[in-house]
Amino acid sequence: MAYICLLLSGAALLTNGLAALNFLPRRDAALFSLVIGSTQLVLGVTYLGVTSAGVASPGDDGGPHLLLGASGMFLFGLTYVYVGLDSLLELGSRGLGWFCGMVGACGLLLAAAWSGEDPLLAVLWLCWTYLWLLFFLQLALGFWRLTPLIGWSLVLTSQATATVPAFLGITGQWPHGPEAAQAAAATAASLAALLLLAGGLAWRGRHQTAARAISAAVVGSPLPGELRL
């Protein structure tokens with residue numbers, strides 16, 4: 001079920017990124033986020049109920065892994081539900097921003113918790129933490145100029161951090177043992193390149209918008225000595 005939630009997250013991250021870049025209506029992305037988040041919360045509860053039946057006590061080896069996996073499912077699910085409700089009900093986004101900051105801090109802890117046993121998952125959590133912290137800076141602290149960077153970051157990393165890893169898990173090809181460290185290093189390099197590309201695209205888009213605004217102002221302004229009626 002964790003991999004199914006991850007697959008759904010790939011779709012939600014992509015649609016929210018496209019909405020941030022104005023390629024999709026924000027209301028459409030908000031409704032989709034609400035559906036995805038609610039589904040993930042249901043799957044998380046089901047995952048806990050079904051899997052915990054095989055864990056005799058919290059001290060068993062499966063207990064911590066169960067709770068770590070469920071924590072990620074609930075953090076994603078609650079985020080998507082909050083994003084959907086915030087947009088549909090026009091809540092103002094400030095509370096959502098502080099929530100994203102808290103989730104980002106939890107993401108760092110989860111990355112540290114997984115770093116020893118599953119370095120690939122730890123790398124993915126670091127990337128997700130970066131995305132949550134971008135939302136914290138934008139929504140809670142008012143750095144709205146980060147919107148293009150957030151949009152491109154979501155679009156470019158959605159498939160690399162969610163959809164592709166989900167298919168690896170579903171098909172039983174998730175790396176283990178010595179392969180895990182190599183996969184984590186390759187993934188970290190790929191994600192760094194994607195985030196740099198997102199920054200470049202955001203910078204180019206911002207400067208193109210500024211150039212168009214200046215051109216429009218120049219075209220619309222009268223020449224010296226010209227009288228506009």
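Just so it is clear, the values below take in all heavy atoms, side chains as well, and ignore hydrogens, waters and symmetry mates. When a residue number appears, it is its place in the shown sequence, counting from 1.
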Spell out, yes or no, whether [X] and [Y] are grouped together once hydrophobic residues are joined by side-chain heavy atoms under 4.5 Å, including indirect joins.
| X | Y | value |
| --- | --- | --- |
| L139 | L91 | yes |
| L126 | V164 | no |
| L156 | L196 | no |
| I36 | L89 | yes |
| L43 | L78 | yes |

Can you see which heavy atom on [X] is nearest to which on [Y], and at what distance?
| X | Y | answer |
| --- | --- | --- |
| L154 | L13 | CB-O, 3.6 Å |
| C100 | F135 | SG-CB, 3.8 Å |
| S33 | Y80 | O-CB, 3.3 Å |
| A122 | A111 | CB-O, 3.3 Å |
| A19 | A29 | CB-CB, 3.6 Å |

Out of curiosity, [X] [atom1] to [Y] [atom2], how far, rounded to the nearest 0.5 Å?
| X | Y | atom1 | atom2 | result |
| --- | --- | --- | --- | --- |
| S153 | L146 | OG | CG | 9.5 Å |
| Q159 | L194 | CD | CG | 11.0 Å |
| L197 | L191 | CG | CG | 12.5 Å |
| L8 | T39 | CG | OG1 | 6.5 Å |
| L131 | N16 | CG | CG | 11.0 Å |
| M73 | Y3 | CE | OH | 11.5 Å |

Check your understanding: Taking the six-membered ring where the residue is Trp, are the ring centres of W132 and F76 under 6.0 Å apart?
Key ->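 Between F76 and W132, which both carry aromatic rings, the centre distance is below 6.0 Å.
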Check your understanding: Would Y82 and W98 count as a close aromatic pair, with their ring centres under 6.0 Å?
Key ->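 Distance test on ring centres: not under 6.0 Å, no.
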Point to revise | side chain to side chain contact (heavy atoms under 4.5 Å, CB included) partners of S38, counting only residues at least two apart | key: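 Checked S38 against side chain to side chain contact (heavy atoms under 4.5 Å, CB included); matches are L34, V81.
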**Study point:** Side-chain donor/acceptor of S87 to backbone N/O of V83, under 3.5 Å
**Key:**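 Absent.
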**Study point:** Test item: D86 side-chain N/O and L96 main-chain N/O as donor-acceptor pair under 3.5 Å
**Key:**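 Not at all, since once roles are kept as given, no pair shorter than 3.5 Å links the two residues.
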Review point. When you look at CZ of F74, are more than 12 heavy atoms from neighbouring residues, nucleotides or ligands closer to it than 6.0 Å?
Key: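 Yes.
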Exercise for review: Using only heavy-atom distances, determine whether the side chains of S9 and Q40 contain a donor-acceptor pair under 3.5 Å.
Suggested key: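 Result is yes, a qualifying pair exists.
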Practice item. Only counting residues at least two apart or in another chain, list the ones meeting side-chain hydrogen bond (donor to acceptor under 3.5 Å, both in side chains) with E90. Key: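 So E90 forms no side-chain hydrogen bond (donor to acceptor under 3.5 Å, both in side chains) with any residue.
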Taking the side chain as everything from C-beta on, heavy atoms only, tell me whether [X] gets closer than 4.5 Å to [Y].
| X | Y | value |
| --- | --- | --- |
| T147 | W144 | yes |
| V123 | W114 | no |
| Q138 | R145 | no |
| L120 | P165 | no |
| W174 | L121 | yes |

Exercise for review: For the pair D28 and T15, evaluate side-chain hydrogen bond (donor to acceptor under 3.5 Å, both in side chains) and give the outcome as yes or no after the intermediate values.
Suggested key: CA-CA 9 Å; D28 290 4; T15 55; over 6 Å; no
**Study point:** Working for side-chain contact (heavy atoms from CB on, under 4.5 Å), residues V103 and W128
**Key:** CA-CA 10 Å; V103 176; W128 296 327; over 6 Å; no
